S.K.: 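Here's a structure for you.
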Amino acid sequence: MKSTLNWRFDATLVNVAGPMPQPRRARKPRPAQALEQRLENHTARLAVIGLGYVGLPLAVEMAQAGFEVVGIDIDEKRVKLLNQGQSYIQDVPTTDVAELVREKRFRATTDFSSLRECDTVNICVPTPLSKQRDPDVSYIVAAATEVARYLHKGQLVILESTTYPGTTDELVLPMLSESGLEVGKDFFLAFSPERVDPGNPTYNTRNIPKVVGGVTPACTSAAVRLYRQRLEHVVAVSSPQVAEMVKLLENTFRSVNIGLVNELALMCARLKIDVWEVIRAAATKPFGFMPFYPGPGLGGHCIPIDPFYLSWKARASGFEARFIELAGHVNGHMPDHVVDLVLEALNRQGKSVRGSKVLVLGVAYKADIDDVRESPSLDIMEKLREKGARIEYSDPHVASIAFAGGRLNSVPLTAARVKAFDCLVVATAHKAFDYSELLQWSKAIVDTRNALAEKRSPKIVRL
Ligand SMILES: NC(=O)c1ccc[n+]([C@@H]2O[C@H](COP(=O)([O-])OP(=O)(O)OC[C@H]3O[C@@H](n4cnc5c(N)ncnc54)[C@H](O)[C@@H]3O)[C@@H](O)[C@H]2O)c1
């Protein structure tokens, strides 16, 4: 364990760094005291870099707590929309943004020099994979370069982008230290993973516990102080590396369990056992089991990507992360399996895939949201197109998508339109779909999500 934490325990702060030390009043560096005072009386000015699914909800929460918040993004269109009081993120109501802009508690800009006036900076930029499937931390480097340029005494910098353990200490800290300022004394640096779950009606930025690990105890203390002004639970850990690893454990846990259940689904298909019934029954066990469900493949900006940040880091130190690679292999094969199911559905009608009309239902990567990043639907559509199928899609949350070098618009689900397709594929189980009608109108329907669990029909081909 790298450091001992020294603040008092209270209902909103959980210290998981080890046995709780006796409350001991360590003398804090003067810049830390001044910052904490401004955080407590809400006179601190806050900056959020990267106003996407993670950054915008955080900026709005903090502005609603009474802080003056500036959001910085390189996307001019997004900045313009926000300053007009409009949200482009489903979970952030436009009315909230409009009110905060009107009251001058939130503004957006592309100008990083605003950081000069800010007491805190939260970095929420993307962390994708490169073409070689290695971490692409160029967005973090770009943001940290700007932060370093305007770093000043008493400033708190928190990285929130999901990344490999060591990024804060090994990549960001040296960039900020070039200023000559000393971490933990002159400025404060921490990592705090974002756990937001877009479209989740129960858990949001405010009530999801926030894990925080600072480079020094003073850094952790300052970051905890910031989040406690608005968030309901803050969990302090002993270092940025632990906080970085927490996020990767969470998403690797999901990826591996989904991989396991996808393999089980393929196995059950071979053994002619209904995998959905097996999971339903197993989930009645009140302890020691948590249900995961098979599907057409992984999607979104987290689960298909984050575990590879961890395996890359492990590989760099000579460790092979076998579970991660295996889960990636099984999950990555699922779109091919769905294509096989479509071939079976067409075959039952005496049709070949070439020239057949296939309608994919749902292109968002999960139900009831509008995010298509890494969506397996796109993979399935592309694979079917390569085999000569004529592909269209319908998604109430996604009006149009880039596809095959052009654009496709969502097809309205009328009886006449649906009846014209040889096969439907339920790729995302949006609540807005009327599955009874779709079954009635379809010639064949491949169900990758068990959305037609209650239905019995020879037209259904289940995953
Ligand atoms: N989306 C999720 O559900 C989710 C959940 C937990 C964690 N995360 C992690 O949070 C991070 C951000 O993800 P997101 O989903 O919010 O991404 P996003 O693509 O929705 O938003 C990122 C924003 O950052 C902006 N940006 C890019 N480079 C920039 C730069 N140099 N300076 C300023 N702005 C810049 C982009 O224009 C964009 O608006 C990623 O590391 C992601 O893995 C995402």
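The first residue of the sequence shown is numbered 1, and numbering continues consecutively from there. Keep in mind it's a predicted model, so treat the numbers as computed, not measured. Atoms within each ligand, like the ligands themselves, are counted from 1 in listed order.
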S.K.: Between the side chains of Glu68 and Lys104, is the shortest nitrogen-to-carboxylate-oxygen separation below 4.0 Å, so that they form an ion pair?
M.R.: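 So Lys104 does not pair with Glu68 through a salt bridge.
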S.K.: Can you list, by chain and residue number, every protein residue with a non-hydrogen atom closer than 4.0 Å to ligand 1?
M.R.: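 Around ligand 1, where the cutoff is 4.0 Å for heavy atoms, the contacting residues are Ile49, Gly50, Leu51, Gly52, Tyr53, Val54, Ile72, Asp73, Ile74, Asp75, Arg78, Phe112, Cys124, Val125, Pro126, Thr127, Tyr139, Ala142, Ser161, Thr162, Glu194, Val196, Pro198, Lys247, His301, Cys302, Arg373.
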S.K.: Could you go through Asp136 and Ser138, starting from their C-alpha distance and side-chain angles, then the distance that decides it, and tell me whether this counts as side chain to side chain donor-acceptor pair (under 3.5 Å)?
M.R.: CA-CA 6 Å; Asp136 173 2; Ser138 60; 2.6 Å; yes
S.K.: CG of Asp395 to CG of Asp370: how many Å apart, nearest 0.5 Å?
M.R.: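 Separation between the atoms: 8.5 Å.
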S.K.: As an exercise, state the distance from CD1 of Ile305 to OG1 of Thr162, rounded to the nearest 0.5 Å.
M.R.: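 So the gap between those two atoms works out to 9.5 Å.
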S.K.: Any ion pair linking Glu386 and Lys383 (charged N to carboxylate O, less than 4.0 Å)?
M.R.: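 Answer for the salt bridge query: no.
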S.K.: Is it true that Lys313 and Glu170 make a salt bridge, defined as a side-chain N closer than 4.0 Å to a carboxylate O?
M.R.: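 Counted as a salt bridge, because a side-chain N and a carboxylate O are separated by less than 4.0 Å.
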